[in-house]
Amino acid sequence: MKKVVTRFAPSPTGTLHIGGVRTALFNYVYAKQNDGLFLVRIEDTDRERSTKEYEKNILDNLTSIGLIPDKKPINQSERNEIYIKAAEKIIESGNAYWCDCSPNELDQMRKEQIAAGKKPMYDGRSRYLGLDRNEKTVLRLATPEEGDIVVKDLIRGEIAFKNSELDDLILLRSDGTPTYHLCNVVDDFEQGVTTVIRGEDHISNTPRQIHIQNALGYPQLEYAHLPLVLGTDKKRLSKRHAATNLEEYRSQGYLDSAIINTLARLGWSKGDNEVFYLNDLIKDFNIKEVQKAGAIFDLTKLEWVNSQHLSNLSIDEFKQHIEPFLSKIDIDIENHSNVNLLINSMRSSENTLEGIAKSLIPYYKDELDYDKKAISKFCSDNSTILDDIKDLLLNIDNWTEDNLDDALKSYQTEKNLPVPKVNQPIRIALTGSTKSPSLGLTLSIFGKGLSIKRIEDLITHLNQ
RNA sequence: GUCCCGUUCGUCUAGAGGCCUAGGACACCGGGUUUUCAUCCCGGCAACAGGGGUUCGACUCCCCUACGGGAUGCCA
């Protein structure tokens, strides 16, 4: 058996799109589970729209998310001679011809075809003219006029096209540069690609590409056309729907592994399992099980998957991951006397690292943003609870969670007060809101000095 | 228009003719734990696009219609 080689072939006309990450992922996983190679090819033949910045963005992001190519990526823009040579080979075999139809003429032709209710396509009018090359001619592939061409697809089975539906596509532009289809076919051959896994928007390109392969005498490839990632309106996911580039998700605090998990589950599943890591995918993924219909990208699912991956992290891994998000808001994670306790009790407070980092602010910074509603609900009755608690806490020397809880409980029993009446004002004093881990724990995380200071601060604030 | 691909809960999906009273997960709603929040646990809501066949029997097979997407470039 021939070694499996897959490739991801983005054009650098934008940053790495999450749909692209998914395509790359399936290519990567398929290669790895077959002990094969995963390659990357930059399709930058569109000089107008391609930039080196986008290329770098794509390559860097692929690498950092772990979809590392097994060979150095190649650029189509540097391989012109190879394509020209291939085109010459097709000319020699008699499977291509020069055509001098002007863009205007073609435009006119299409309009007439549409008006006549026909499919707009090049009608082959120059095919038998025996034209020579000049600065106005393009090279066209002479597509077989009769018969069918069958695409064998791992996901969809066999898809048949009538050759009569296919027009003679352009191989070389009038300026002599090769087009997408030619480059694509030649490179897949040159790179030894065996399996093409790409979006379903390429299905109708496939029969055309097979004709080029045939003209060149290349072997048949294996195909798998993935369903598209859609937005909520069932159209291809775009910036209108949600963030589309990978970096945005990362900067919001979604774990790479969670993004990969979510993308893999979009169109594929395995029993009742929801949580998958890259290694699981290499073990369990089966391209033949991929769904045929497009799948809507659902942010809430990503959030949940992220929370699962977050909770699977060890404390050290978690700290490592959240560190950049904390330093972004000027917090040094280690600048806390009870870091591990704090992190462990707060790590499930939100679904993203960015959200958790924000909820950690009261534990590191002194300026509190008091929740006005909470204050009016729990602190507006002129009671002496805060003063009482302050005095109570002042007398506790053994500052432990259990001790603190006991002290609070006996105060509350003694005064015959409902628990929230006692606890919530303290929470507000400590964190600015009524949200925090259990109160004894929260107090022990803050430590005696800071706890008392915060209670004093709130008393002052209320007296203003 | 033409060709191609699709269509199971709001969303991701299970389902290869009887196992389906259509299962799981997210979301949502309710309850419990935490006398806060989050986590966690329990429960609930909710779908086979429509119509014809084939069959003893169809979510599963065939046809038609509808709807959605893609392709129809000297873009990739």
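- Out of A71(B), A38(B), C74(B), the shortest distance to the side chain of Ser204(A) is found at A71(B).
- Nucleic acid contact class of Ser11(A) (heavy atoms, under 4.0 Å, all strands): sugar-phosphate only.
- When distances run from any side-chain atom of Gln308(A) to the nucleotides C40(B), C4(B), A76(B), the shortest one goes to C40(B).
- Annotation: G57(B) and G18(B) have their C1' atoms spaced 7 Å apart (nearest Å).
- A donor-acceptor contact under 3.5 Å is not formed by the side chain of Lys301(A) with the base of A27(B).
- A38(B) and U33(B) are spaced 13 Å apart, taking the C1' atom of each and rounding to whole Å.
- Contact annotation for Asp46(A): backbone-only contact, meaning every heavy-atom pair under 4.0 Å involves sugar-phosphate atoms and none involves a base.
- The phosphate of G69(B) (OP1 or OP2) has a side-chain N or O of Lys235(A) nearer than 4.0 angstrom.
- Nearest nucleotide to the side chain of Ile159(A), out of U13(B), A76(B), C4(B): C4(B).
- Look at CD1 on Ile296(A): it is 10 Å from P on C9(B), rounded to the nearest Å.
- Along RNA chain B, the nucleotide nearest Pro178(A) and the nucleotide nearest Leu266(A) are compared for position; the residue whose nucleotide lies closer to the 5' end is Leu266(A).
- Backbone-only contact: Thr300(A) has heavy atoms under 4.0 Å from sugar-phosphate atoms and none from a base.
- Among the heavy atoms of the strands, none lies under 4.0 Å from Asp175(A).
- The side chain of Arg47(A) contributes no N or O atom lying less than 4.0 Å from OP1 or OP2 of C74(B).
- Which of C12(B), C37(B), U35(B) sits closest to the side chain of Ala295(A) comes down to C12(B).
- Using P as the reference atom, G70(B) and G30(B) are 39 Å apart when rounded to the nearest Å.
- The separation of G15(B) from C40(B), taken at their P atoms, amounts to 27 Å, rounded to a whole angstrom.
- Ser102(A) contributes a side-chain N or O that, together with a main-chain N or O of Glu105(A), makes up a donor-acceptor pair within less than 3.5 Å.
- Counting any heavy atom pair closer than 4.0 Å across all strands shown, Phe297(A) reaches no nucleic acid atom.
- Nucleic acid contact class of Gly267(A) (heavy atoms, under 4.0 Å, all strands): sugar-phosphate only.
- When each of U13(B), U72(B), C3(B) is scored by its nearest atom to the side-chain atoms of Ser269(A), the top-ranked nucleotide is U13(B).
- Residue Cys101(A) is classed as a base contact, given a heavy-atom separation below 4.0 Å to a base.
- Whole-Å rounding puts the Phe318(A) CZ to A38(B) P distance at 17 Å.
- In this structure, OH on Tyr254(A) lies 6.5 Å from CG on Asn306(A), to the nearest 0.5 angstrom.
- Listed candidates were G6(B), U36(B), C26(B). Nearest to the side chain of Trp304(A) is C26(B).
- Judged by Watson-Crick or G-U wobble contacts below 3.5 Å, the nucleotide G68(B) has C5(B) as its partner.
- For His241(A) and Phe297(A), the ring centers sit 6.0 Å or farther from each other.
- Distance from the side chain of Asp272(A) is smallest to G24(B) among G24(B), G1(B), U13(B).
- Here the options are Thr143(A), Asn95(A), Asp168(A), Asn163(A), the test is side-chain hydrogen bond (donor to acceptor under 3.5 Å, both in side chains), and the partner is His211(A); only Asn163(A) passes.
- No engagement by His225(A) is indicated, since no non-hydrogen atom pair under 4.0 Å with the nucleic acid exists.
- In this structure, NE2 of His202(A) is placed 16 Å from P of G73(B), rounded to the nearest angstrom.
- In this structure C75(B) sits in no base pair that meets the Watson-Crick or G-U test at under 3.5 Å.
- Contact annotation: Arg208(A) does not reach the phosphate of C3(B) (side-chain N/O to OP1 or OP2, under 4.0 Å).
- Rounded to a whole angstrom, the distance from the P atom of G1(B) to that of G17(B) is 36 Å.
- Between atom OH of residue Tyr97(A) and atom OG of residue Ser126(A) there is a gap of 6.5 Å, rounded to the nearest 0.5 Å.
- Residue contacts shown for Glu274(A) include a base, since a base heavy atom lies under 4.0 Å away.
- For G73(B), the OP1/OP2 oxygens have a side-chain nitrogen or oxygen of Arg110(A) closer than 4.0 Å.
- Seen from the ring of Phe318(A), Arg347(A) counts as a face-on cation partner, given the 6.0 Å and 45° thresholds.
- The base of C74(B) is paired with the side chain of Ser174(A) by a donor and an acceptor separated by under 3.5 Å.
- Look at Gln291(A) and you'll find a side-chain N or O under 4.0 angstrom from OP1 or OP2 of A14(B).
- Remark: P of G70(B) and CG of Asp233(A) are 10 Å apart, rounded to the nearest angstrom.
- Residue contacts for Arg236(A): at a heavy-atom cut-off of 4.0 Å it reaches the sugar-phosphate backbone alone, with no base atom in range.
- A16(B) and U21(B) are spaced 22 Å apart, taking the C1' atom of each and rounding to whole Å.
- Using N1 to N3 plus N6-O4 or O6-N4 for Watson-Crick, or N1-O2 and O6-N3 for G-U wobble, each under 3.5 Å, G44(B) pairs with C28(B).
- Here the straight-line distance linking atom CD of Glu146(A) with atom NZ of Lys162(A) works out to 13.0 Å at 0.5 Å rounding.
- If you check A38(B), C4(B), G10(B) against the side chain of Ile203(A), the one that comes closest is C4(B).
- Between the base of C37(B) and the side chain of Arg427(A) there is no donor-acceptor pair shorter than 3.5 Å.
- Atom CZ of Phe161(A) and atom P of U2(B) are 17 Å apart (whole Å).
- Taking atom CD of residue Glu289(A) and atom C1' of nucleotide G15(B), one finds them 13 Å apart after rounding to whole Å.
- When the C1' atom is compared between C67(B) and G51(B), the two are found 14 Å apart, to the nearest whole Å.
- Within the 4.0 Å cut-off from OP1 or OP2 of A76(B), at least one side-chain nitrogen or oxygen of Thr45(A) is found.
- You'll find that the side chain of Arg173(A) is closest to C74(B), out of U39(B), C74(B), U11(B).
- Residues Phe26(A) and Phe285(A) bring their aromatic ring centres within 6.0 Å.
- When distances run from any side-chain atom of Ala293(A) to the nucleotides C40(B), A38(B), G6(B), the shortest one goes to G6(B).
- Taking the C1' atoms as reference points, C5(B) lies 41 Å from G43(B), given to the whole Å.
- Nucleic acid contact class of Pro10(A) (heavy atoms, under 4.0 Å, all strands): none.
- Note: Glu303(A) CD to Leu310(A) CG = 12.0 Å, rounded to the nearest 0.5 Å.
- Outside the 6.0 Å centre-distance limit, the rings of His336(A) and Tyr363(A) are not counted as a close aromatic pair.
- Both Lys292(A) and Thr179(A) lie close to RNA chain B; mapped to their nearest nucleotides by heavy-atom distance, the more 5′-ward contact belongs to Lys292(A).
- At a threshold of 4.0 angstrom between heavy atoms, the contacts of Ile114(A) with the nucleic acid are absent.
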